[in-house]
S.K.: 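Have a look at this one before I ask anything.
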Number of protein chains: 2
Amino acid sequence: MVLTEKHKELIERIGVFHEHKGMQPLVGRIIGLLLVHEEGEVSFDEIVEQLGVSKSAVSNALTFLQAKGRCVYSTRPGDRKRYFALKVSDWREDFEKELQNIAEIQKFIDEVLEVRTEKNPEFNCKMRDFSNFLCFFKQEIPSLFERFKKQQA
Amino acid sequence: MVLTEKHKELIERIGVFHEHKGMQPLVGRIIGLLLVHEEGEVSFDEIVEQLGVSKSAVSNALTFLQAKGRCVYSTRPGDRKRYFALKVSDWREDFEKELQNIAEIQKFIDEVLEVRTEKNPEFNCKMRDFSNFLCFFKQEIPSLFERFKKQQA
DNA sequence: CGGTTAGTTCTGCAAATACAGAACTAAAAA
DNA sequence: TTTTTAGTTCTGTATTTGCAGAACTAACCG
């Protein structure tokens with residue numbers, strides 16, 4: 001597949017978006033390429049060529065993406081190459097994990113509340129309020145997906 | 001205020017939690033200290049002493065936290081020191097921003113769908129599905145806060 | 001068997017990060 | 001006015017990161 005300027009520019013922006021989420025540059029760009037590539041499956045070699053980076057860098061980035069469960073490869077009979085693709089199928093799971101992750105802060109808030117004195121009750125009160133909300137939020141996550149399902153039907 | 005081992009250990013863990021979110025180490029530790037410190041307001045000097053770091057590092061970290069709107073300082077009559085505190089009051093706003101932020105990926109999904117051909121309709125279908133969910137999710141955010149309010153009363 | 005293909009692992013380095021320490025600034029105190 | 005206080009900005013540096021390139025491995029090919 002031949003990438004237009006528009007494709008390349010979009011891949012770059014998807015790259016920096018993922019960089020901001022803490023991933024290393026090339027990892028984000030590979031996600032971009034796998035999203036934009038029309039077949040959805042891209043060989044190791046094509047990643048190297050399209051992104052103009054070294055084999056070692058691609059190898060490490062793909063190992064990372066597979067370890068994180070964001071990427072898989074398939075093979076074809078009579079062809080030794082590996083064709084990499086995003087696991088778009090798992091977007092519900094992934095999104096749920098992200099939501100749970102941002103609610104992780106509750107664990108710390110609760111620990112903080114345990115070690116705090118009552119010297120600043122106003123502060124403590126706001127923290128308890130936040131903790132309660134996070135608890136409520138976590139409970140609401142499953143029903144969020146259910147309501148989406150219903151709305152779709 | 002004198003910090004116990006438990007305090008220090010909790011500050012460190014809150015620090016690494018924030019490091020994983022992309023912040024620099026000291027910034028995370030300062031958030032930890034401001035959370036754990038019983039007065040909630042901590043002078044520049046005390047941050048330097050409690051965390052055992054240089055004034056310059058603290059100055060830069062506090063400038064960053066203030067720019068991000070996560071921290072403010074107040075002064076006291078006849079006292080030139082600045083007392084720094086977290087803006088715990090804004091947790092609703094902050095949390096909403098975080099939710100909006102993870103939904104930012106929709107923008108890219110939609111751009112990707114625009115440049116994609118119909119060569120892989122299955123892939124496109126899943127992406128559209130995800131985009132629809134993200135749209136639904138964004139709409140649901142305000143009602144989430146409302147339902148929490150009701151439940152509290 | 002040696003040669004090719006497909007990818008991994010190792011080694012090294014350029015650039016970025018995160019901080020220390022010194023020099024500096026601005027305001028208050030003496 | 002000089003000195004002290006409180007914090008900022010500048011300069012240098014140890015550490016980490018992100019990647020290139022070479023060496024390596026494992027399977028298949030001729």
S.K.: For A/Arg82 and D/dA27, is the shortest distance between a side-chain N/O and OP1 or OP2 below 4.0 Å?
M.R.: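 Answer is no, no contact under 4.0 Å.
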S.K.: I need the CZ-P distance between A/Phe64 and C/dT8, as an integer number of Å.
M.R.: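 It is 16 Å, rounded to the nearest whole Å.
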S.K.: Does a salt bridge link A/Lys21 with A/Glu98, judged by any charged N lying under 4.0 Å from a carboxylate O?
M.R.: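 Looking at A/Lys21 and A/Glu98, the cut-off is met.
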S.K.: May I have the distance from A/Glu49 (atom CD) to C/dT5 (atom P), rounded to whole angstrom?
M.R.: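 Nearest whole value for this atom pair: 14 Å.
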S.K.: For B/Lys81 and D/dA6, give me the distance from atom NZ to atom P, rounded to whole Å.
M.R.: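 Answer to the nearest Å: 5 Å.
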S.K.: Round to the nearest Å and state the distance from A/Met23 atom CE to D/dT17 atom P.
M.R.: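 After rounding, the gap between these two atoms is 16 Å.
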S.K.: Determine whether any donor atom in the side chain of B/Arg80 lies under 3.5 Å from an acceptor atom in the base of C/dA27, or the reverse, and answer yes or no.
M.R.: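 Between C/dA27 and B/Arg80, which were checked side chain against base, a qualifying N/O pair under 3.5 Å is present.
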S.K.: Do the ring centers of B/Tyr73 and B/Phe44 come within less than 6.0 Å of each other?
M.R.: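 Centroid separation for B/Tyr73 and B/Phe44: 6.0 Å or greater.
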S.K.: If you draw the axis of the six-membered ring of A/Tyr83, does the NZ or CZ of A/Arg76 fall within 45° of it and under 6.0 Å from the ring centre?
M.R.: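 Yes, A/Arg76 sits over the ring of A/Tyr83.
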S.K.: Under 3.5 Å, is there a donor-acceptor pair linking the side chains of B/His37 and B/Gln50?
M.R.: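 B/Gln50 and B/His37 do not have a side-chain donor-acceptor pair below 3.5 Å.
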S.K.: Taking atom C1' of D/dG7 as reference, at what distance in whole Å does atom CD of B/Glu46 sit?
M.R.: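 Taking CD of B/Glu46 and C1' of D/dG7, I get 16 Å after rounding.
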S.K.: Charged N to carboxylate O under 4.0 angstrom, B/Arg82 versus B/Glu41?
M.R.: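 A salt bridge is absent here (no side-chain N lies under 4.0 Å from a carboxylate O).
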S.K.: Choose from C/dT8, D/dC19, D/dG7 the nucleotide whose nearest atom is closest to any side-chain atom of B/Phe44.
M.R.: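 So the side chain of B/Phe44 is nearest to D/dG7.
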S.K.: So which of residues 55-62 of chain B are in contact with DNA chain D, with a heavy-atom cut-off of under 4.0 Å?
M.R.: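 Heavy-atom cutoff 4.0 Å gives B/Lys55, B/Ser56, B/Ser59.
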S.K.: Does the ring centre of A/Phe137 sit less than 6.0 Å away from the ring centre of B/Phe148?
M.R.: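 Not close enough - the centres of the two rings lie 6.0 Å or further apart.
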S.K.: Rounded to whole Å, please give me the gap between CG in A/Leu51 and P in D/dG18.
M.R.: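 Taking atom P of D/dG18 as the reference, CG of A/Leu51 is at 16 Å.
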S.K.: Does A/Gln24 place a side-chain N or O at less than 4.0 Å from the phosphate oxygens OP1/OP2 of D/dG18?
M.R.: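 For A/Gln24, the contact criterion (side-chain N or O under 4.0 Å from OP1 or OP2 of D/dG18) is met.
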S.K.: Measure CZ/A/Phe84 against C1'/C/dT8 and give the value in whole Å, please.
M.R.: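 Computing the A/Phe84:CZ to C/dT8:C1' distance gives 11 Å.
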S.K.: Quick one about A/Lys138 and A/Gln106 (side-chain donor to acceptor, distance below 3.5 Å, no hydrogens or angles considered), yes or no?
M.R.: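 Looking only at side-chain atoms, A/Lys138 and A/Gln106 do form a donor-acceptor pair, the distance falling under 3.5 Å.
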S.K.: Return the value, rounded to whole Å, for the distance between atom CD of B/Glu19 and atom P of D/dT15.
M.R.: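 From B/Glu19 CD to D/dT15 P: 16 Å.
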